[in-house]
Amino acid sequence: MPSDISVSKTPSSLNSGGFCEDDECLMDGDTASPEEISNLSGAVSMLLQGIGENPDREGLLKTPERVARSMRFLTRGYRQNPEELLKKAVFTESYDEMVLVRDIDIFSMCEHHLLPFFGKAHVAYIPDGKIVGLSKIGRVVEVFARRLQVQERLTQQIRDAIQDVLNPKGVAVVIEAKHLCMVMRGVEKLNSVTTTSAMSGEFISSPSTRSEFLRLIGA
Ligand SMILES: Nc1nc2c(ncn2[C@@H]2O[C@H](COP(=O)(O)OP(=O)(O)OP(=O)(O)O)[C@@H](O)[C@H]2O)c(=O)[nH]1
Ligand SMILES: [Zn+2]
């Protein structure tokens with residue numbers, strides 16, 4: 001097992017819900033203890049042996065720890081609280097037209113094969129007295145994307161978090177993504193793109209609002 005493991009945060013920075021409480025961790029930090037990295041590295045080492053590799057050959061010596069840290073990064077959304085993130089930048093404003101953040105890059109991992117899916121998210125809401133800092137929309141997308149996912153659930157979780165914190169007149173989320181489990185293995189459909197949507201409030205009740213949103217994202 002690697003002996004030179006440094007950690008950016010101790011488990012004591014986690015609250016009772018398992019989420020990080022301080023700002024750095026809420027945004028980007030990791031909370032891995034040496035023991036967690038060590039356990040994960042051990043599992044990767046077994047995986048290497050399982051595919052017939054020799055984890056002790058030179059090129060693979062540091063791979064278990066690298067993969068452990070990489071997996072922690074790719075799943076860091078489990079340790080971040082999306083609602084707390086959004087609440088950090090909620091402002092009172094009378095603006096009541098649609099706010100749309102388009103073309104947000106997403107990288108997630110399918111829970112079936114642990115392979116990436118990636119693409120764009122488009123997120124809109126219609127404020128009802130409260131707006132949110134624009135970057136927080138991208139951050140909330142990131143929190144849910146950095147977990148093992150299916151695209152449908154990812155889409156709904158983003159909608160629900162924004163709806164719950166802002167209580168706006170409506171939220172709309174569309175995700176367009178390419179799944180590597182359908183591209184580099186399995187059915188091997190290189191150009192397939194999956195689109196999912198989740199909406200609430202006026203995006204459901206008002207066909208013109210929904211159409212405006214779909215037109216603005218070029219759907
Ligand atoms: N609905 C949905 N399905 C997904 C997502 N990511 C991967 N999948 C699918 O999950 C399914 C798992 O099906 P299984 O038959 O259990 O697994 P498999 O034998 O590896 O399937 P193939 O990919 O068809 O080879 C596959 O159809 C994948 O395409 C996602 O985000 N949403
Ligand atoms: Zn998959």
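We count ligands from 1, going down the list as the structure has it; atoms in each ligand are counted the same way. Positions are given from 1, in the same order as the sequence printed here.
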Q: Is Lys88 salt-bridged to Glu84, cutoff N-O under 4.0 Å?
A: no

Q: Are Leu86 and Val141 connected into the same hydrophobic cluster when the rule is that any two of I, L, V, M, F, W, Y join if their side-chain heavy atoms are below 4.5 Å apart?
A: yes

Q: Counting backbone and side-chain atoms alike, is an N, O or S atom of His113 positioned under 2.8 Å from the Zn ion (ligand 2)?
A: yes

Q: Would you say that more than 12 heavy atoms from the other residues, nucleotides or ligands in this model lie under 6.0 Å from the CD of Gln49, or not?
A: yes

Q: Can you tell me if Glu188 has over 12 outside heavy atoms packed within less than 6.0 Å of its CD?
A: yes

Q: With no hydrogens and no angle check, is any side-chain donor or acceptor of Arg159 less than 3.5 Å from a backbone partner on Met199?
A: yes

Q: Check this for me - ligand 1, Gln149, N or O atoms closer than 3.5 angstrom, yes or no?
A: no

Q: Any protein heavy atom lying closer than 4.0 Å to atom 1 (N) of ligand 1?
A: yes

Q: In the complex you have, is atom 15 (O) of ligand 1 within reach of the protein, judged by whether a heavy-atom distance drops under 4.0 Å?
A: no

Q: Would you tell me whether Gln149 and Arg153 have side-chain atoms, one donor and one acceptor, within less than 3.5 Å of each other?
A: yes

Q: Flag the pair Pro168 / Gln163 as yes when at least one side-chain heavy-atom distance between them is below 4.5 Å, and no otherwise.
A: yes

Q: How far is atom 7 (C) of ligand 1 from its nearest protein heavy atom, and which residue and atom is that?
A: His112 ND1, 3.4 Å

Q: By number and element, which atoms of ligand 1 are closer than 4.0 Å to a non-hydrogen atom of Cys181?
A: 7 (C)

Q: Which class fits the ring pair Phe203 and Phe213: parallel under 30°, tilted 30 to 60°, perpendicular over 60°?
A: perpendicular

Q: Report the C-alpha separation of Lys120 and Arg102 in whole Å, then their side-chain angles, then the decisive distance to 0.1 Å, and conclude whether the side-chain contact (heavy atoms from CB on, under 4.5 Å) test is met.
A: CA-CA 8 Å; Lys120 304 269 184 210; Arg102 243 181 48 185; over 6 Å; no

Q: Could you find the nearest protein heavy atom to atom 6 (N) of ligand 1 and give me its residue, atom name and distance?
A: His179 ND1, 3.4 Å

Q: With the threshold set strictly below 4.0 angstrom, can you tell me whether any protein non-hydrogen atom sits that near atom 24 (O) of ligand 1?
A: no

Q: Under 4.0 Å from a heavy atom of Gly186: give me the atoms of ligand 1 that qualify, with their elements.
A: 25 (O)

Q: Return the residue, atom name and 0.1 Å-rounded distance of the protein heavy atom closest to atom 29 (O) of ligand 1.
A: Met182 CG, 3.9 Å

Q: Need the ligand 1 atom indices (1-based, order shown) with element for anything under 4.0 Å from a heavy-atom of Cys110.
A: 6 (N)

Q: Could you check which of Glu152, Gln151, Arg185 puts a non-hydrogen atom nearest to atom 22 (P) of ligand 1?
A: Arg185

Q: Could you measure the distance from the CG atom of Leu216 to the CD atom of Glu212? Nearest 0.5 Å is fine.
A: 5.0 Å

Q: Given that the side chain starts at C-beta and the backbone is N, CA, C, O, which of these parts of Glu111 lies under 4.0 Å from ligand 1, counting heavy atoms, or is it both or neither?
A: neither

Q: Does atom 27 (O) of ligand 1 have a protein non-hydrogen atom under 4.0 Å from it?
A: no

Q: Of His113, Glu188, Met109, which has the heavy atom at the shortest distance from atom 18 (P) of ligand 1?
A: His113

Q: Does ligand 1 have an atom under 4.0 Å from some heavy atom of Arg153?
A: no

Q: To the nearest 10°, what's the angle at the Zn ion (ligand 2) between atoms SG (Cys110) and SG (Cys181)?
A: 130°

Q: Less than 4.0 angstrom from a charged side-chain N to a carboxylate O is my criterion; do Arg147 and Glu111 meet it?
A: no

